[in-house]
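Quick note: numbers below take in every heavy atom, side chains included, and nothing from hydrogens, waters or symmetry partners. If you read the sequence from its start, that first residue is 1, and numbering goes on from there. Counting convention: from 1, in listed order, for ligands and their atoms alike.
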Amino acid sequence: MLEVRNVVGGYGEIQILHGVNLTVHRGEVVGLLGANGVGKTTLLRVISGLIRPSGGQVLYQGQDLVGISPARLLRMGIAHVPQGRHIFSDMTVKENLLVALDRVRDRVNAGERLEYALNLFPRLRERYHQLGGTLSGGEQQMLAIARALAPKPDLLMLDEPSMGLAPVIVESVFKTIRQIAEDGTTILLVEQNATAALHVVDRVYVMETGAIVHESERLDDSELQRIKEVYLGLG
Ligand code: ATP
């Protein structure tokens, strides 16, 4: 479904990605693990059209995405939940979700999608008329995911959904991520918290200084331990 081929790029003169190769098949949850600052976020920005790479290809169902605007990518079914959530804090939960659905009303049944998002995150239903900015960190993360998911993307990219959340909330958010995948959305999940990703991902890539250095077909406890020791410095 998604194929990143030898992608090189960064910010102006600063090269962050040194030839990244990664594949996501339809129906999978693929984890991208790596320590602070190795370029995971930068790669998601390249895939979602926010940064133009200086080399390589990003193929989505065989089509090269390089140069396509983020808005068009969204219409093509690619959604990105950036790090730090970026919900509209002066809009209610309901308004945040409706804004996301506005752009795709010709393509999806908005009422149905709203219900789907609220069923996944019952907490958001309880907070439906509350301003985004007054939600807890966990609720804001739920809203950010719900908003990206409402337009019915085929591929959902999540950038560190566990960041800043209490362990019990992380567990609940990750359970929902698994549910989203089972409902048919393919997921590329960037995480620093490898333990949180353990029960969610089908396959894992590990990134170090702008390149993939390891791939695991399965992430079990012993593989997780090895990745932590060898690549993440968390022995
Ligand atoms: P983290 O998990 O800490 O977010 P990451 O693996 O996602 O790390 P990136 O956010 O991709 O890492 O950052 C990779 C490098 O790019 C870092 O050294 C960072 O300082 C640098 N960087 C990020 N954004 C910019 C920017 N707008 N301009 C210049 N350099 C940047």
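In this view, Arg5 and Glu3 satisfy the salt bridge (charged side-chain N to carboxylate O under 4.0 Å, His left out) rule, not counting sequence neighbours.
Note that Arg147 lies in the cation-pi zone of Phe88, set by a 6.0 Å cut-off to the ring centre and a 45° limit from the axis.
Remark: Arg125 engages Glu115 in a salt bridge, criterion side-chain N to carboxylate O under 4.0 Å.
Ordered by chain and residue number, the residues placing a heavy atom less than 4.0 Å from ligand 1 are Tyr11, Ile14, Ile16, Ala35, Asn36, Gly37, Val38, Gly39, Lys40, Thr41, Thr42, Arg45, Gln83, Glu160, Gln192.
Contact check for Val4 versus Val46: no side-chain heavy atoms found under the 4.5 Å cut-off.
Around atom CD of Glu171, no more than 12 heavy atoms belonging to other residues, nucleotides or ligands sit under 6.0 Å away.
When hydrophobic clusters are built by joining Ile, Leu, Val, Met, Phe, Trp and Tyr residues whose side-chain heavy atoms come closer than 4.5 Å, directly or via intermediates, Leu189 is grouped together with Leu143.
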